[in-house]
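Take a look at the structure set out below.
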Amino acid sequence: MKKVALVTGGSRGIGLGIATQLAANGFDLAINGMRPAEDVEDTMKKLKSYGNDVIYCRGSIALSADRENMISEVNHYYKKLDVLVNNAGMAPKQRNDILNATEESYDEVMNTNLKGSYFLMQKAANWMIEQKEKDNTFNGCIINISSMSATVASVNRGEYCLSKAGLSMATQLFAVRLGAFNIPVFEVRPGIIRTDMTAGVKEKYDKMINEGLCVQQRWGEPEDVGKVVAVLAKGDFMYSTGQVIMVDGGLTIARL
């Protein structure tokens, strides 16, 4: 029986890169996104072309009712959940210096990137515990997609950095709590990845990458993140719970 993975924000960008690699590795998928179902039909068809089952769960992870509906839809359709990939996130709508940042932007970013992911993890974790108690051979896991911004300070998007640092701690908290059930929790920390979120700063990062910002002098691609997630989801690192896997081309290596 195929494993089932729920990928939040899975219809575009890094999330789609993750979903594609999971599909290629034989996972059935539940894809969450904000867009109407008709707008992602082509994407769903491409994911189904790997010979797996795919459903679309529309909703915002920032909203409690939407998180509840998401889990209910997966349960109704698949009757199980093996992997949660907490990928959905947002950048601030305006990059404001922390001396001028607004509470509205802070709340919006934190509600999606941290609060939403945290409580979706809670729901998935409780369901996975139930599955483990019914079947000791159940091998589930949770994978959080954070960012190099969890540790690399950007003073013009402080709320984003805080949300990712919080998600990093949430990974450790749930790794500790779920250890007794042998359900590992991982953090994947991307660097500069070519997506629609980074399209607005392409020229800036092109220049910085060419000048040696990363050890590997290229942009990261969504598939770079997806390949790491697929390995974790398959269960090849079951004894590495709570660990951070960097996907940043060596950007965060301290160099002289």
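- Tyr78 is linked by a ring-ring contact (aromatic ring centres under 6.0 Å, His included) to nothing, counting only residues two or more places apart in sequence or in another chain.
- Counting only distance, with no hydrogens or angles, the side chain of Thr241 and the backbone of Val185 share a donor-acceptor pair below 3.5 Å.
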Practice task
Check the pair Ile143 / Val228 against side-chain contact (heavy atoms from CB on, under 4.5 Å), numbers first and verdict last.
Solution key: CA-CA 10 Å; Ile143 304 167; Val228 171; over 6 Å; no
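- Within the 4.5 Å cutoff, no side-chain heavy atoms of Leu162 are placed close to those of Leu114.
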Practice task
Check step by step if side-chain contact (heavy atoms from CB on, under 4.5 Å) holds for Arg218 and Asp224.
Solution key: CA-CA 12 Å; Arg218 68 169 177 87; Asp224 290 315; 3.0 Å; yes
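- No donor-acceptor pair under 3.5 Å is formed between the side chain of Asn75 and the backbone N or O of Ile71.
- A 4.5 Å side-chain heavy-atom check between Phe119 and Ser64 finds every atom pair outside the cut-off.
- Under the 3.5 Å distance criterion, the side-chain polar atoms of Asn87 are matched with a main-chain donor or acceptor of Thr8.
- The 12-atom threshold is not exceeded at NZ of Lys207, counting heavy atoms of other residues, nucleotides or ligands nearer than 6.0 Å.
- Connectivity analysis of hydrophobic side chains (ILVMFWY, heavy atoms under 4.5 Å, direct or indirect) links Ile253 to Val215.
- Residue pairs meeting the salt bridge (Lys or Arg N to Asp or Glu O under 4.0 Å) criterion with at least one member in residues 4-15, sequence neighbours excluded: Arg12-Asp196.
- Inter-residue side-chain proximity for Glu223 and Gln21 is flagged as met; some heavy-atom pair is nearer than 4.5 Å.
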Practice task
Test side-chain contact (heavy atoms from CB on, under 4.5 Å) on Thr198 and Thr195 and set out the steps.
Solution key: CA-CA 5 Å; Thr198 54; Thr195 67; 3.7 Å; yes
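- Counting side-chain heavy-atom gaps under 4.5 Å among Ile, Leu, Val, Met, Phe, Trp and Tyr, the cluster of Met90 also holds Val109.
- Under a 4.5 Å side-chain heavy-atom criterion applied to ILVMFWY residues, the cluster that includes Ile192 comprises Met148, Val152, Val201, Tyr205, Met208, Ile209, Leu213, Trp219, Leu251 as well.
- Annotation: ring-ring contact (aromatic ring centres under 6.0 Å, His included) contacts of Phe138 (sequence neighbours excluded): none.
- In Lys80, the NZ atom is crowded: over 12 heavy atoms of neighbouring residues, nucleotides or ligands sit closer than 6.0 Å.
- Residues meeting the side-chain contact (heavy atoms from CB on, under 4.5 Å) test with Met246, sequence neighbours left out: Arg189, Val244, Asp248, Thr252.
- With contacts defined as side-chain heavy-atom distances shorter than 4.5 Å, the pair Val83/Val7 does not qualify.
- Here the side chains of Ile31 and Met44 are in contact, with some heavy-atom distance below 4.5 Å.
- Residue pairs satisfying the side-chain hydrogen bond (donor to acceptor under 3.5 Å, both in side chains) criterion with at least one member in residues 47-62, sequence neighbours excluded, are listed as follows: Asp53-Tyr77.
- Tyr239 belongs to no multi-residue hydrophobic cluster, having no ILVMFWY side-chain contact under 4.5 Å with any other such residue.
- Side-chain N or O atoms of Asn25 include none that pairs as donor or acceptor with a backbone N or O of Ala230 at under 3.5 Å.
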Can you list, pair by pair, the side-chain donor-acceptor contacts under 3.5 Å of residues 95-105, counting residues two or more places apart and other chains?
unit_1	atom_1	unit_2	atom_2	d
Asp97	OD1	Leu99	N	2.7
Thr102	OG1	Ser105	N	3.1
Ser105	OG	Glu159	OE2	2.5

Practice task
List the steps, then state whether side-chain contact (heavy atoms from CB on, under 4.5 Å) holds for Cys141 with Leu232.
Solution key: CA-CA 8 Å; Cys141 72; Leu232 296 172; 5.5 Å; no
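- With sequence neighbours excluded, the residues that form a side chain to side chain donor-acceptor pair (under 3.5 Å) with Glu108 are Lys93.
- At least one side-chain heavy atom of Ile61 sits under 4.5 Å from a side-chain heavy atom of Thr112.
- When atom types are taken as modelled, the side chain of Gln131 and the backbone of Leu81 share a donor-acceptor pair closer than 3.5 angstrom.
- In this structure, the side chains of Pro222 and Leu16 stay at 4.5 Å or more apart for every pair of heavy atoms.
- Other residues, nucleotides and ligands place no more than 12 heavy atoms under 6.0 Å from the CD atom of Glu203.
- At a threshold of 4.5 Å between non-hydrogen side-chain atoms, the residues Glu187 and Leu167 do not count as touching.
- Residue-environment remark: CD (Gln217) exceeds the threshold of 12 foreign heavy atoms within 6.0 Å.
- Sorted by first then second residue, the salt bridge (Lys or Arg N to Asp or Glu O under 4.0 Å) pairs that include residues 123-150, not counting sequence neighbours, are Glu68-Lys123.
- With rounding to the nearest 0.5 Å, the separation of OG in Ser11 from CE in Met34 is 10.5 Å.
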